[in-house]
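All values derive from a computational prediction rather than experimental measurement.
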Amino acid sequence: AFEISSILQRKVCSVCFAVSSTWLTMMLVRYFEIFPINKFLIALLLAESVAGVSNLVKEFKAVRQTKLPEPLLKFGIVIYGTLAVFVFAFVQEFLGLILFTPVIVFGFSALTPISKLKEGNKEGSLLLKSKLKNCC
């Protein structure tokens with residue numbers, strides 16, 4: 001995940017990276033018909049990503065600057081993400097993926113840019129790095 005962090009220029013949680021890269025790989029394998037993969041397994045991993053993104057609400061500075069209260073924002077992410085995963089699993093996969101796109105965008109935008117970590121004071125940076133290592 002550290003190499004990905006340098007490419008994306010954002011701090012990336014190792015567990016979140018592992019889950020998201022797993023469902024992305026499974027989708028590619030499924031849709032390129034390399035191997036049959038059950039869509040419910042992919043849906044389960046997508047739901048895990050929703051949980052990870054909802055946890056970004058309290059962990060990352062960019063999200064804390066929103067005007068919505070933290071619990072409301074977290075609840076909204078969980079409800080919307082659950083709807084998107086439900087549509088993916090039980091209604092229509094492509095529509096579910098379209099609905100899931102804002103979850104991905106929000107999750108990515110919530111990640112703290114590496115440049116901001118360098119700008120902050122060392123104590124705050126150490127605290128954030130500690131949280132990132134122990135996330136999820």
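With values rounded to the nearest 0.5 angstrom, Ile42 atom CD1 is found 10.0 Å from Leu24 atom CG. The CD1 atom of Ile104 sits 8.5 Å away from atom OG of Ser20, with the distance rounded to the nearest 0.5 Å. Atom OG1 of residue Thr22 and atom CG of residue Leu46 lie 11.0 Å apart, to the nearest 0.5 angstrom.
If you chain together hydrophobic residues whose side chains sit under 4.5 Å apart, Ile79 and Phe86 never meet in one group. Cluster annotation: Val53 is connected to Leu72 through the hydrophobic network of ILVMFWY side chains, with a link wherever side-chain heavy atoms come within less than 4.5 Å. When hydrophobic clusters are built by joining Ile, Leu, Val, Met, Phe, Trp and Tyr residues whose side-chain heavy atoms come closer than 4.5 Å, directly or via intermediates, Phe88 is grouped together with Leu95. In the hydrophobic cluster analysis, where Ile, Leu, Val, Met, Phe, Trp and Tyr join through side-chain heavy atoms closer than 4.5 angstrom, Met26 is grouped apart from Phe94. In this structure, Val105 is not a member of the same hydrophobic cluster as Val78, with clusters built from ILVMFWY side-chain heavy atoms closer than 4.5 Å.
Residues Phe106 and Leu73 have side chains in contact (heavy-atom distance under 4.5 Å, counting atoms from C-beta outward). Looking at heavy atoms from C-beta onward, Met27 lies in side-chain contact with Leu97 at the 4.5 angstrom threshold.
Applying side chain to side chain contact (heavy atoms under 4.5 Å, CB included) to Phe40 and the options Ile37, Leu44, Asn38 leaves one that passes, Asn38.
The nearest pair of heavy atoms linking Tyr80 to Leu99 is OH-O, 2.7 Å. Between Val50 and Val103, the shortest heavy-atom contact is CG2-CG1, 4.3 Å. Heavy atoms only, all atoms of each residue included: Val85 and Ala43 are closest at CG1-O, 3.4 Å. Taking all atoms of both residues into account, the shortest heavy-atom contact from Arg30 to Lys39 is NH1-N, 3.6 Å.
Using cut-offs of 30° and 60° on the angle between ring planes, the pair Phe100 and Trp23 is perpendicular.
Shown here is Phe75, whose CZ atom has no more than 12 heavy atoms of other residues, nucleotides or ligands within 6.0 Å.
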